[in-house]
*Asks:* 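Following this message is one structure expressed as structure tokens.
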Number of protein chains: 2
Amino acid sequence: MLPSSTVENYLKAIYLGVAALTKPHRLLPMGQLACALGVAPGTATTMVKTLAESGLVEYEPYTGVALTEAGEKLAALVVRRHRVVELFLVQVMGYRWDEVHDEAEQLEHAVSDRLVDRMDEMLGRPAVDPHGDPIPDQEGVITPQPAQSLLTCPLNTPVTITRVIDQDKSFLRFIENHHLKPGESIEVEDRDSASDSVRVRGKDDHHITIGTRAASKVLVHTPAAAAILLELVTSA
Amino acid sequence: MLPSSTVENYLKAIYLGVAALTKPHRLLPMGQLACALGVAPGTATTMVKTLAESGLVEYEPYTGVALTEAGEKLAALVVRRHRVVELFLVQVMGYRWDEVHDEAEQLEHAVSDRLVDRMDEMLGRPAVDPHGDPIPDQEGVITPQPAQSLLTCPLNTPVTITRVIDQDKSFLRFIENHHLKPGESIEVEDRDSASDSVRVRGKDDHHITIGTRAASKVLVHTPAAAAILLELVTSA
DNA sequence: GAAGTATTTTTGACTAATCAAAATGCTGGT
DNA sequence: ACCAGCATTTTGATTAGTCAAAAATACTTC
Ligand SMILES: [Mn+2]
Ligand SMILES: [Mn+2]
Ligand SMILES: [Mn+2]
Ligand SMILES: [Mn+2]
């Protein structure tokens, strides 16, 4: 049986939910899953039990859920479709980066593997989508990126923004208006736990102060990390 | 309520089914509808009754079904999405004309009006899809084309192939291999009711004989019709 | 460790879409 | 006018997915 859109959405939510867990190698609680899917808690429980029957997830009652090997591959391919479509919409169809998520949310269940691969080819086999989210390859594998956020990177050191983890339109607009999109070079000047904020110097000496909640959603590459990456590439 | 894919499929099947009826201004029988959708007869009856409740179709028990104003507009927009997507797949994504139907069958329910319009714009507001099927405009309106087939057009008179009414892969391949795609200029040399066949002279004096069943699926413009069309355009 | 709170599971019910097979209605030919 | 055959509708049942609210369990706090 090929998975329904509903099953695909559950698998994707578990995939992304587990990845976003603070403690790694943990199970995603039913409450979080239900919330991510906009569904009643009992609905998530029921669905997860049938997913467990099909061998796509492992389910520990009162504890949570995680993907099996098979489930993870399926989920990764849904995520791949989503992200390739998002980049296609921006690069080929002229969409803005804050407009693509909803459209991709539908298309991820409708595009064939064939079409996704055509898009992927046309885009030059990209590694990341418009938000800097990594794109799984045809096997569902992601090469992990060393990630730091504006909250954890070194101060007064040039860093490059690589990823913005939030699909909210107004947040993405805000980021764009203040030149904090992936690719921009910036420095974190100061962090103040009292005011719960982070001061950033962008290009043209444009200064901007943002809350820590927002700062944690902006990921960067440090020069050091970039050097390590470069070394990996050249040694291969 | 926005219509489900199922409702969209029923409306589209009625739209296309009624158009293909030999006697015009008739109702589509349940049997034909059920067959077009690959569904049991009873299922079609039940669904049509609920569509009638929603005011999308008019249903005459034991007789058949037709679209209301509202249903026809919705159906035409589904057809529009299907055909714009098909042309996009051919022109932009490099698909062959015999490969696009299945993909479009899924995408017609997933692409937003916004995305369809972007495709439409990118394609230069085309009038027909890769098979010569007319594309409804944003309002769902089609400007009717005067249609003749290889079975009805004048003999030994140059005509231009404009449309091939069949989604079957092998038939489309056959048409392509014998240079009978939309745009080609040909002449019908002879029709023989005894052998149930039609002899056609294509380009390079390539001759080909096909059955009447196949011939009826290849539509053409006669020079006369083309002249009338041209007149309409210039007088406007 | 008992009590209270938060989370999770169970229960019972509902909607959309479908099928198989029985019942019904229509129609053409004698 | 009748009946046989065919199309259509009805009936009864099934599956996927969902919710609200009750019951069960786990976690916190004292
Ligand atoms: Mn997205
Ligand atoms: Mn993204
Ligand atoms: Mn088609
Ligand atoms: Mn077509």
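A note on names: the letters A, B, ... follow the listed sequences, proteins ahead of strands, and every chain is numbered from 1.
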*Asks:* Rounding to an integer number of Å, can you tell me how far B:M30 CE sits from D:dC6 P?
*Replies:*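 So the two atoms are 21 Å apart, to the nearest Å.
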*Asks:* Taking salt bridge (Lys or Arg N to Asp or Glu O under 4.0 Å) as the test, write out the residues that go with B:R26, two or more places apart.
*Replies:*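 Salt bridge (Lys or Arg N to Asp or Glu O under 4.0 Å) check on B:R26 returns nothing, list empty.
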*Asks:* Between the side chains of B:H82 and B:D129, is a donor N or O closer than 3.5 angstrom to an acceptor N or O?
*Replies:*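 Absent: no donor and acceptor within the cut-off.
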*Asks:* On the 0 to 90° scale, with breaks at 30° and 60°, tag the B:F174-B:F171 ring pair as parallel, tilted or perpendicular.
*Replies:*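 Aromatic pair B:F174/B:F171 classed parallel.
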*Asks:* What is the separation between atom CD on A:E53 and atom P on D:dA16, rounded to the nearest whole Å?
*Replies:*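 Atom-to-atom, A:E53 to D:dA16, this comes out as 11 Å.
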*Asks:* For B:D120, which residues count as a salt bridge (Lys or Arg N to Asp or Glu O under 4.0 Å) partner, sequence neighbours excluded?
*Replies:*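 B:R80, B:R125.
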*Asks:* Let me know the distance between CG of B:L51 and C1' of C:dA17, rounded to the nearest Å.
*Replies:*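 My rounded result for the distance is 12 Å.
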*Asks:* Between D:dA16 atom C1' and A:N9 atom CG, what is the distance in whole Å?
*Replies:*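 Those two atoms, CG and C1', are 14 Å apart.
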*Asks:* Could you verify whether a donor N or O on one side chain and an acceptor N or O on the other, from A:T212 and A:D196, lie under 3.5 Å apart?
*Replies:*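 Their side chains do contain a donor-acceptor pair, which is all the 3.5 Å distance test asks for.
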*Asks:* What's the CG-C1' distance between B:L28 and D:dT8, to the nearest Å?
*Replies:*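 Rounding to the nearest Å, CG of B:L28 and C1' of D:dT8 are 14 Å apart.
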*Asks:* Send over the distance from B:L27 CG to C:dC26 C1', rounded to a whole Å.
*Replies:*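 Rounded to whole Å, this separation is 16 Å.
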*Asks:* Could you check how far CE of B:M1 sits from C1' of C:dA17, rounded to whole Å?
*Replies:*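 One finds 17 Å between C1' of C:dA17 and CE of B:M1, rounded.
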*Asks:* NE2 of A:H109 versus P of D:dA16: gap in Å, rounded?
*Replies:*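 For the pair A:H109 NE2 and D:dA16 P, the rounded distance is 18 Å.
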*Asks:* Indicate for each nucleotide in nucleotides 17-29 of chain D, in 5' to 3' sequence, whether protein heavy atoms under 4.0 Å reach the base (B), only the sugar-phosphate (S), or nothing (-).
*Replies:* SSB-----SS---
*Asks:* Do B:R114 and A:E103 meet the salt-bridge criterion of a basic N to acidic O distance under 4.0 Å?
*Replies:*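 Between B:R114 and A:E103 there is no salt bridge, as every charged N stays at least 4.0 Å from the carboxylate O atoms.
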*Asks:* OP1 or OP2 of D:dT9 sitting under 4.0 Å from any side-chain N/O of B:K49?
*Replies:*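 So the side-chain polar atoms of B:K49 never come under 4.0 Å of the phosphate oxygens OP1 or OP2 of D:dT9.
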